[in-house]
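Structure first, commentary second.
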Amino acid sequence: MPLAGVDEAGCAPLAGPVVAAAVILDREKFPRGIDDSKKLPLDAREAIFGRLQKVAIIGVGICSVQEIEQLNIYWARMLAMSRAVAALPQEPAWVLVDGNACPRWERPSKAIIAGDAKCRSIAAASIIAKVTRDRIMADHARDYPAYGWEHNRGYPTPEHIRAIDTLGLTPLHRRTFSKVREHTEQMVPLPLEMPPASLSSYTTTA
């Protein structure tokens, strides 16, 4: 019976998408060292991410800044998780979700508070979601280098807040968030009209 763990990354940042991942682990050959992504150093996270790509069944779901603004972050998180499970190439018999609530879906599932510290498959999903989102933000940082997204990932660090104060907002900032809303009169134009990168560019190893 395949069991999928689901987690997300990117609810708290002031900019960028929210990313969720669903992971079905092979009980016979999962990587060592899987843990809550927040507890792992960058190099360990990246290494486990690469190994998971080879031995796990993975689905990734993303909600854009526009969807976050339309739905609010809670429902955008739920939608990203639903998309992640739908993206799995194999239907899970059961889904374990990090947090206190599951998306509104018709599938056997259970929410586990602090699940990324209690369940290996949820921890694996946290790593996939975190690394995928970090890569997306590093890519966006090339268009908007002054905001430090390659380091702060869009979180409200002093560096990021100073850049907003000095330069204003980008199209990737979440204007419904209170720390962003006060800056809505300042707007940095999009530097180039470019088609979005494919998801595979962020979820595969170099």
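Keep in mind it's a predicted model, so treat the numbers as computed, not measured.
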_Partner set under side chain to side chain donor-acceptor pair (under 3.5 Å) for Asp36, not counting sequence neighbours_ = Lys38
*Donor-acceptor pair, Asn100 side chain versus Ile113 backbone, under 3.5 Å?*
no
*Does the side chain of Trp105 reach to within under 4.5 Å of the side chain of Val95, using non-hydrogen atoms?*
yes
*asked:* Please determine whether residues Val131 and Leu25 belong to a single hydrophobic cluster, defined as Ile, Leu, Val, Met, Phe, Trp and Tyr linked transitively by side-chain heavy-atom distances below 4.5 Å.
replied: yes
*Atom CE in Met81, atom CD in Glu8: separation rounded to 0.5 Å?*
6.5 Å
*asked:* Grouping I, L, V, M, F, W and Y whenever their side-chain heavy atoms are under 4.5 Å apart, do Ile24 and Val19 come out in a common cluster?
replied: no
*Ile161 vs Leu14 side-chain heavy atoms within contact, under 4.5 Å*: yes
*Ile128 and Val85: same hydrophobic cluster, using ILVMFWY side-chain contacts below 4.5 Å?*
no
*Hey, what do you get for CE (Met78) to CZ (Arg104), rounding to the nearest 0.5 Å?*
9.0 Å
*Looking only at heavy atoms, which two atoms of Pro17 and Val65 are closest? And how far apart?*
N-CG2, 4.2 Å
*asked:* Can you give me the closest heavy-atom contact between Asp26 and Glu28, atom names plus distance?
replied: OD1-N, 2.8 Å
*Is a side-chain donor or acceptor of Arg174 paired with a backbone partner of Gly16 at a separation under 3.5 angstrom?*
yes
*Short question: side chain of Arg45, backbone of Ile127 - any donor-acceptor pair under 3.5 Å?*
no
*Heavy atoms only: give me the nearest Glu67-Ser64 pair and the separation to one decimal.*
OE1-N, 2.9 Å
*Enter the distance from Phe49:CZ to Leu40:CG here, rounded to the nearest 0.5 Å.*
13.5 Å
*Any link between Leu169 and Leu167 through a network of hydrophobic side chains (Ile, Leu, Val, Met, Phe, Trp, Tyr) touching at under 4.5 Å?*
yes
*Hey, mind stepping through Leu172 and Asp143 against side chain to side chain contact (heavy atoms under 4.5 Å, CB included) and telling me if it holds?*
CA-CA 11 Å; Leu172 293 169; Asp143 288 333; over 6 Å; no
_Check: Arg83 and Cys63 side chains under 4.5 Å, non-hydrogen atoms_ = yes
*Find the distance between CG (Leu96) and CG (Asp7) and round it off to the nearest 0.5 Å.*
11.5 Å
*Sequence-distant partners of Glu150, side chain to side chain donor-acceptor pair (under 3.5 Å), two or more places apart*: none
*Looking only at heavy atoms, what is the nearest atom pair of Val18 and Ala76, with distance?*
CG1-O, 4.0 Å
*What distance do Tyr147 atom OH and Thr166 atom OG1 have between them, rounded to the nearest 0.5 Å?*
8.5 Å
_Reported NZ-to-CG distance for the pair Lys118 and Asp98, which is rounded to 0.5 angstrom_ = 9.5 Å
_I want to check something: taking the side chain as every heavy atom from C-beta on, are Leu3 and Ser121 in contact at a cut-off of under 4.5 Å?_
yes
*Please confirm whether the backbone N or O of Arg175 pairs with a side-chain atom of Glu69, one donor and one acceptor, at under 3.5 Å?*
yes
*Closest approach of Pro156 and Pro13, non-hydrogen atoms and distance?*
CD-CA, 4.5 Å
*asked:* Are the side chains of His160 and His173 in contact, using a 4.5 Å heavy-atom criterion?
replied: yes
_Salt bridge Asp139-Arg135, side-chain N to carboxylate O under 4.0 Å_ = no
*Taking every non-hydrogen atom, the tightest pair across Leu88 and Ala4*: CD1-CB, 4.0 Å
*Find out if a path of hydrophobic residues (ILVMFWY) with successive side-chain heavy-atom gaps under 4.5 Å connects Val60 to Val23.*
yes
*Would you say the side chain of Arg32 lies within less than 4.5 Å of the side chain of Arg51, judging by non-hydrogen atoms?*
no
*How about Ser37 and Asp116: do any of their side-chain heavy atoms sit closer than 4.5 Å?*
no
*asked:* With heavy-atom distances below 4.5 Å as the criterion, would you say the side chains of Ile34 and Leu52 are in contact?
replied: yes
*Between the side chain of Arg181 and the main-chain N/O of Thr176, is any donor-acceptor distance below 3.5 Å?*
yes
